[in-house]
Amino acid sequence: MTGEDLEERAQRIAEAGHRDVIARLHAALLRQAAEAGVTLPADELERLAAAAGSRAGGALWRRALAGAAAGELGVPLGEAVEHPAVVRAHERVGAPPYVSPGRSGADPAHGLRIAAIHLGGIEALRVGERDIELRLSAAGLDVLKRSTGAPIGRLEWGQIESVELPRARRGLRARRRRGFELRVATERGRAGFELPGVTEEQLKDHIEPMLERARGAGGHR
């Protein structure tokens, strides 16, 4: 699959997944309104669904996107969940980071995967490269090619001297608040990545706790 094919499929999956999430929220809101004996006007229903969608968790979004991708790609639902086109679609809709059940909690070795943009420091990547994702695990910080899952490089926790998560220097998109960056320093130099679409809530609820668990499991102080 070429980069162009991936982007086109990811866009279709993102649109279909978004429709699915909103439809699920419509049904839930209408059910709640009926139970309360309230009638929701169409415009109010849309407003409430949009607000609920912006707060929906990564697991709900990934299920909806994987369902859309299963038909689009002709693959089983379980395989669609981790397909590169679904990962890209997940980023496109701005959903919270997704941690699959087998990759979280008491087994931090599997880690948390986050879409990223290279800001510098990795010789094998050009500055601004977007076809990458980061995986935080007990083994270290892995840089992967998002479209294929192929490994690009790894920094083990013993090599990393510091990790920072500052605000990005600029907004990634017009009308959107600045996101965050991940900056790491080793004795050989520094590397930086922009984390598109990651909000402060997602950082505190998902990334920082996973980073602490992974670093602790990896024996890094």
Mind listing the closest non-hydrogen atom pair of [X] and [Y] along with its distance?
X    : Y    : answer
L6   : P84  : CD1-C, 3.7 Å
A68  : A16  : CB-CB, 3.6 Å
A80  : V86  : O-CG2, 3.0 Å
D20  : A64  : OD2-CB, 3.3 Å
L165 : E208 : CD1-CG, 3.9 Å
L25  : G53  : CD1-N, 3.4 Å

Measure the [atom1]-[atom2] distance between [X] and [Y] for me, rounded to the nearest 0.5 Å.
X    : Y    : atom1 : atom2 : value
L182 : L203 : CG    : CG    : 9.5 Å
E35  : Q32  : CD    : CD    : 7.0 Å
H83  : R9   : NE2   : CZ    : 7.0 Å
I13  : H18  : CD1   : NE2   : 15.5 Å
I160 : T186 : CD1   : OG1   : 8.0 Å
D131 : I117 : CG    : CD1   : 11.5 Å

- Message: Checking V163 against R183 for the side chain to side chain contact (heavy atoms under 4.5 Å, CB included) test, could you report, in this order, the C-alpha distance in whole Å, the side-chain angles of both residues, the deciding distance, and whether it holds?
- Response: CA-CA 6 Å; V163 179; R183 300 177 189 170; over 6 Å; no
In terms of side-chain geometry, is the basic nitrogen of [X] or [Y] positioned less than 4.0 Å from the acidic oxygen of its partner?
X    : Y    : result
R130 : E91  : yes
R126 : E129 : yes
E7   : R88  : yes

Please lay out, stage by stage, how L65 and V87 fare under the test side chain to side chain contact (heavy atoms under 4.5 Å, CB included). CA-CA 9 Å; L65 294 168; V87 175; over 6 Å; no
Derivation of the side chain to side chain contact (heavy atoms under 4.5 Å, CB included) call for L144 and L134
CA-CA 6 Å; L144 310 173; L134 307 178; over 6 Å; no
Quiz item: Any donor and acceptor pair, going by atom type alone, linking the side chain of Q159 with main-chain N or O of E156 inside 3.5 Å?
Solution: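 Yes, the answer is positive, given that a donor and an acceptor are paired below the 3.5 Å cut-off.
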_I'd like to know if the side chain of H118 reaches the main chain of I122, judged simply by a donor and an acceptor atom lying under 3.5 Å from each other, with no hydrogens or angles considered._
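Flag set: sc H118 to bb I122 pair under 3.5 Å.
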Item to complete: Would you check if R62 and V81 make a side-chain contact, meaning some heavy-atom pair closer than 4.5 Å?
Response: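 SC-SC contact between R62 and V81 confirmed.
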Considering only heavy atoms from C-beta outward, does the side chain of F193 approach that of I114 to under 4.5 Å?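 A side-chain contact under 4.5 Å is absent here.
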message: Would you say L48 ends up clustered with L60 if hydrophobic residues are merged whenever their side chains have heavy atoms under 4.5 Å apart, either directly or through other cluster members?
response: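 No, no single cluster joins them.
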Do V21 and L29 sit in the same hydrophobic cluster, where Ile, Leu, Val, Met, Phe, Trp and Tyr count as joined when their side-chain heavy atoms come under 4.5 Å apart?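 Cluster IDs for V21 and L29 differ.
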Please check if any side-chain donor atom of H26 sits under 3.5 Å from a side-chain acceptor atom of E46, or the reverse.
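Short answer, yes.
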Check salt bridge (Lys or Arg N to Asp or Glu O under 4.0 Å) between D142 and all other residues, then give those that pass, not counting sequence neighbours.
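Listed in chain order: R135, R154.
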Residue pairs involving residues 30-59 (criterion ring-ring contact (aromatic ring centres under 6.0 Å, His included); sequence neighbours excluded):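 Non-adjacent pairs meeting ring-ring contact (aromatic ring centres under 6.0 Å, His included): zero.
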May I have the step-by-step check of side chain to side chain contact (heavy atoms under 4.5 Å, CB included) for E181 and L119, ending in yes or no? CA-CA 9 Å; E181 295 177 4; L119 298 178; 3.6 Å; yes
